[in-house]
There are 2 protein chains.
Amino acid sequence: MTIFVGTHVNKVDRKGRVSVPADFRALLGSPANFFAFPSFVHHGIECLTGSIMDSLSETVHGLDLFSDEQDNLADLIFASSYTLGIDGDGRVVLPASLRIHAGIEGQSAFVGKGKTFQIWEPLDHDQFQTQARERARADRLALRQRPQGSGPTPDAMENGT
Amino acid sequence: MTIFVGTHVNKVDRKGRVSVPADFRALLGSPANFFAFPSFVHHGIECLTGSIMDSLSETVHGLDLFSDEQDNLADLIFASSYTLGIDGDGRVVLPASLRIHAGIEGQSAFVGKGKTFQIWEPLDHDQFQTQARERARADRLALRQRPQGSGPTPDAMENGT
DNA sequence: TGGGGTATCATGGGTTTTCATGGGTGTCAA
DNA sequence: TTGACACCCATGAAAACCCATGATACCCCA
């Protein structure tokens, strides 16, 4: 397995600990940790592996040094990031500021996004996904990205989940 | 070359297990698993090989990082996906949410789609296929602009190429 | 060409291992 | 001293694994 997939809802205990899904742990590998920072577009928490974080820093530094854009991005991403270490039982402690950003209390959802993943308050993510589905339906471009070749006309058998 | 063909109906047992057709297993190869997610447009379950999923993730990540478009697509595809591992006996466990989406209870139909395949509730798929056939026939009639008594019975879809 | 034998496959059930989760103890720093 | 944090262990539930069996398709040989 090479990518993060699925939506895993796990409990957040009294100490702020939460189990990282076993699938995800396997992908994260040996330096058992990852980077997390609040998304600047929604209530989720962006989670990146070390290597993705590295390439992201390359990208950001490719921008004009000292430019406003560079400064903003660097601040949004790096300054507000945490390194979350996974303990011997496969859990991490969610820092309070991240929990507050996401509105997480008793439960959290680990959401696979391919090369990255996110952490959400479960109901919040349900809502986000519903919206994403509606947007995709309205947006032909999104549908064109589907792996299926020439399928039947999509409007024959509509249904959601 | 990996081409999934045919329609194979297998039982789903009490534990939610179902045998993956031997043909399909042979095509899936050594990392004996595949990715499955509910279709956006019908009641079937879309099934993709790891390599197709990988290239899909490349495509999605080629979009602007943290853009709405990227985030939406990644959520629809990856967040609702499951990695289904094939056990030593050639079976997978269908997660409850996928079974519910497809309306699967006692039986499931593995439907070859070329480079991908789908899983359906058998009767549902029959119906879908009938409709697809009627649409195809209607399109041809429209193109030819001539009436036709009893249409030809296209009996493909049941054999190899 | 037909019959018997064999390999493959789908399916059912039992058992072991993994995983998520709760709680306790020790350590370090403010 | 107190609070935060990292480590250790225990446990119930769920998933993965192992084995057995009936049926079917395939092959070989007479």
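Because only heavy atoms are used, hydrogens play no part in the values below, and waters and symmetry mates are left out as well, while side chains stay in. Every chain is numbered from 1 and lettered A, B, ... according to where its sequence line falls, protein lines coming before strand lines.
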**Prompt:** Using a cut-off of less than 4.0 Å, is there contact between a side-chain N or O of A:Arg14 and OP1 or OP2 of C:dG23?
**Reply:** yes

Under a 4.0 Å heavy-atom criterion, the protein footprint on nucleotides 15-21 of chain C, written with B, S and -, is ----SSB

B:Leu94 CG to C:dA10 P, in whole Å, measures 15 Å

- Query: Are A:Val12 and A:Phe34 co-members of a hydrophobic cluster defined by side-chain heavy atoms under 4.5 Å apart?
  - Reply: yes

note: A:Leu84, atom CG; D:dC5, atom P; distance rounded to Å ~ 12 Å

Do A:Val111 and A:Leu84 share a hydrophobic cluster, counting only Ile, Leu, Val, Met, Phe, Trp and Tyr and linking them when any side-chain heavy atoms are less than 4.5 Å apart?
no

Taken to the nearest whole Å, CG/A:Asp87 to C1'/C:dG24 is 14 Å

- prompt: Taking the six-membered ring for Trp, are A:Tyr82 and A:Phe35 ring centroids under 6.0 Å apart?
  reply: no

Paired with B:Asp13, the salt bridge (charged side-chain N to carboxylate O under 4.0 Å, His left out) test is passed by just one of B:Lys11, B:Lys15, B:Arg17, namely B:Arg17

| message | Looking only at the side chains, is there a donor atom on one of B:Ser19 and B:Asn10 sitting less than 3.5 Å from an acceptor on the other? | response | no

Could you tell me whether A:Lys115 and B:Glu58 make a salt bridge, using a distance below 4.0 angstrom between a side-chain N and a carboxylate O?
-> yes

Whole-Å distance, A:Asn33 CG to D:dA6 C1', equals 15 Å

